[in-house]
Amino acid sequence: MKIASWNVNSLKVRLPQLLQWLEDASPDIVALQETKLEDTKFPAAELAAAGYRTVFSGQKTYNGVAILAREELGDFADVVTDIPGLDDPQRRILAATVGGLRIVDLYVVNGKAVGDEKYAYKLHWLERVREFLAGEIARHPKLVVLGDFNIAPDDRDVHDPAAWGEDILCSPPERAALKAITDLGLHDSFRLFQPEGGHFSWWDYRQAAFRRNMGLRIDLILLGEILKPVATTAAIDREPRRWERPSDHTPVTLQLDI
């Protein structure tokens with residue numbers, strides 16, 4: 001089973017790229033972030049024509065998350081779009097069971113800048129999410145948590161650690177909040193197969209950042225302990241970032257032998 005996560009940075013703009021990538025990469029389950037679409041405008045019919053059932057939670061202009069699954073995996077069950085204790089109208093969380101797996105799609109708050117009120121809210125948001133995931137992993141051992149985390153886990157995930165220092169996306173409190181989540185018993189699937197640095201999933205549109213590989217690895221697929229032995233490969237697919245009108249993120253993938 002091939003699982004993927006992709007921040008498409010506007011599904012309205014990136015739908016042709018998504019459909020092309022679905023055909024090329026043949027993933028079984030895909031989590032999307034930043035769809036930036038109200039639910040009434042979600043392209044469910046186009047994705048159904050491509051062979052994927054969908055569940056989604058969106059809003060106009062900003063945020064928005066969705067999960068796609070191949071038709072043969074069956075219907076989505078136990079769908080969650082809001083978590084207890086988190087008063088947040090922004091559409092950033094989507095959980096569903098499909099294909100025998102519990103999938104939690106996250107579009108983590110950016111935080112703007114260290115010390116900003118949005119940064120404080122990011123840390124609060126992550127704490128509420130950690131509490132939610134603690135319950136999820138207890139109920140659903142076959143748990144996959146994936147999405148745009150807006151946190152580079154460590155300096156290997158930053159093209160220039162000295163330049164980024166302890167700025168937003170790299171600050172110690174953000175990394176500690178991410179570690180508190182992985183300490184629940186979740187594993188960064190990419191690091192199971194690639195211990196070296198220099199591999200990124202996001203590049204700024206400016207300064208020829210993609211061509212110069214000036215990026216961050218902030219798109220993650222975390223998997224529960226019970227799934228670790230069946231993980232066979234994890235990768236970052238850079239090809240869609242080379243396409244015309246690309247997202248600033250590229251898909252990350254995980255293969256499970258189940």
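Hydrogens, waters and symmetry mates are skipped; everything else that's a heavy atom, side chains included, is used. Note that this is a predicted model, so its numbers are computed, not measured.
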About how many Å separate OH of Y121 and CZ of R128, when rounded to the nearest 0.5 Å?
-> 9.5 Å

Is there a path of hydrophobic side-chain contacts, each under 4.5 Å between heavy atoms of I, L, V, M, F, W or Y residues, that connects V104 with L186?
-> yes

Heavy-atom closest pair (Q90 atom, Q59 atom, distance to 0.1 Å) is CA-OE1, 3.2 Å

Heavy-atom neighbours of E72 CD exceed 12 at 6.0 Å = yes

Give a yes or no on whether V230 and F190 share a hydrophobic cluster (residues Ile, Leu, Val, Met, Phe, Trp, Tyr; joining criterion: side-chain heavy atoms under 4.5 Å apart).
-> yes

Contacts of D167 meeting salt bridge (Lys or Arg N to Asp or Glu O under 4.0 Å) (sequence neighbours excluded), chain-then-number -> none

Side-chain heavy atoms of P246 within contact of Q17, under 4.5 Å = no

Side-chain heavy atoms of I181 within contact of L133, under 4.5 Å | yes

In plain terms, say whether K60 and E38 are close enough for a salt bridge, that is, a side-chain N and a carboxylate O under 4.0 Å apart.
-> no

Interatomic distance, OG1@T182 vs CZ@R130, rounded to 0.5 Å, equals 11.0 Å

Kindly determine whether D157 and I218 satisfy side-chain contact (heavy atoms from CB on, under 4.5 Å), including the steps that lead there.
-> CA-CA 8 Å; D157 305 306; I218 55 177; over 6 Å; no

Can I3 and L223 be said to form a side-chain contact (heavy atoms from CB on, under 4.5 Å), step by step?
-> CA-CA 11 Å; I3 301 171; L223 71 163; over 6 Å; no

Interatomic spacing from OG1 in T232 to CE in M1 - rounded to 0.5 Å | 12.0 Å

Hey, are the side chains of H187 and L222 touching, using non-hydrogen atoms and a 4.5 Å cut-off?
-> no

Can you check whether L106 reaches F149 side chain to side chain, under 4.5 Å on heavy atoms?
-> yes

Does a sphere of radius 6.0 Å around CZ in R245 hold more than 12 heavy atoms from other residues, nucleotides or ligands, not counting ones at 6.0 Å or beyond?
-> no

same_hphob_cluster(L101, V79) at 4.5 Å side-chain heavy-atom cutoff = yes

In terms of ring plane angle, is the pair W203 and F200 parallel, tilted or perpendicular, where the classes change at 30° and 60°?
-> perpendicular

Calculate, to the nearest 0.5 Å, the distance between atoms CD1 and CZ belonging to I236 and R241 respectively.
-> 13.0 Å

E46, CD atom: more than 12 neighbouring heavy atoms under 6.0 Å | yes

Using atom types as modelled, flag every donor-acceptor pair under 3.5 Å from a side chain in residues 251-258 to any protein atom, sequence neighbours excluded.
none

Residue pair S26 / K2, side-chain heavy-atom distance below 4.5 Å | no

Which atom of F193 lies closest to which atom of P195, heavy atoms considered | O-CD, 3.8 Å

For F76 and I103, what are the C-alpha separation, side-chain angles and deciding distance, and is it a side-chain contact (heavy atoms from CB on, under 4.5 Å)?
-> CA-CA 10 Å; F76 293 96; I103 305 295; over 6 Å; no

Quick one: pull up CD in Q33 and CG in N150 and give me the separation to the nearest 0.5 Å.
-> 9.5 Å

Cluster link V55 to L73, ILVMFWY, side chain under 4.5 Å | yes

By salt bridge (Lys or Arg N to Asp or Glu O under 4.0 Å), D116 pairs with (sequence neighbours left out) none

D154 and R217 ion-paired at < 4.0 Å | no

With a 4.0 Å cut-off, would you call R53 and D75 a salt bridge?
-> yes

Reported CD1-to-OG distance for the pair I67 and S5, which is rounded to 0.5 angstrom | 10.0 Å

Nearest heavy-atom neighbours spanning A152 and V158 = CB-CG2, 3.7 Å

Report the C-alpha separation of D219 and W202 in whole Å, then their side-chain angles, then the decisive distance to 0.1 Å, and conclude whether the side chain to side chain donor-acceptor pair (under 3.5 Å) test is met.
-> CA-CA 8 Å; D219 301 273; W202 170 87; over 6 Å; no

Let me see the working for D105 and R91 under salt bridge (Lys or Arg N to Asp or Glu O under 4.0 Å), right down to the final yes or no.
-> CA-CA 11 Å; D105 181 10; R91 301 294 84 195; over 6 Å; no

Any side-chain heavy-atom pair from D148 and V108 closer than 4.5 angstrom?
-> no

Residue pair S247 / N9, side-chain donor-acceptor N/O under 3.5 Å = no

Is a side-chain donor or acceptor of S189 paired with a backbone partner of I221 at a separation under 3.5 angstrom?
-> yes

Shortest non-hydrogen contact from S171 toward V114 = CB-CG2, 4.0 Å

Using the test salt bridge (Lys or Arg N to Asp or Glu O under 4.0 Å), find all partners of R70 that sit at least two apart in sequence or belong to another chain.
-> D28

Flag the pair L126 / K122 as yes when at least one side-chain heavy-atom distance between them is below 4.5 Å, and no otherwise.
-> yes

Carboxylate-amine/guanidinium contact R102 D78, below 4.0 Å | yes

Kindly list each side-chain donor-acceptor pair under 3.5 angstrom involving residues 137-145, sequence neighbours excluded, with atom names and distances?
residue : atom : partner : partner atom : Å
R139    : NH2  : E136    : OE2          : 2.8

By the rule that ILVMFWY residues connect when side-chain heavy atoms come within less than 4.5 angstrom, directly or transitively, which residues belong alongside W21?
-> W6, V8, L11, L15, L18, L19, L22, V30, L32, L37, F42, L47, Y52, F56, L68, W243

Using only heavy-atom distances, determine whether the side chains of N63 and R92 contain a donor-acceptor pair under 3.5 Å.
-> yes

Cluster link L123 to I168, ILVMFWY, side chain under 4.5 Å = yes

For the pair D155 and R175, evaluate salt bridge (Lys or Arg N to Asp or Glu O under 4.0 Å) and give the outcome as yes or no after the intermediate values.
-> CA-CA 10 Å; D155 283 352; R175 287 176 169 173; 3.1 Å; yes

Let me see the working for L169 and I151 under side-chain contact (heavy atoms from CB on, under 4.5 Å), right down to the final yes or no.
-> CA-CA 4 Å; L169 311 186; I151 302 169; 5.9 Å; no

Answer whether the closest heavy-atom distance between the side chains of N213 and R238 falls below 4.5 Å.
-> yes

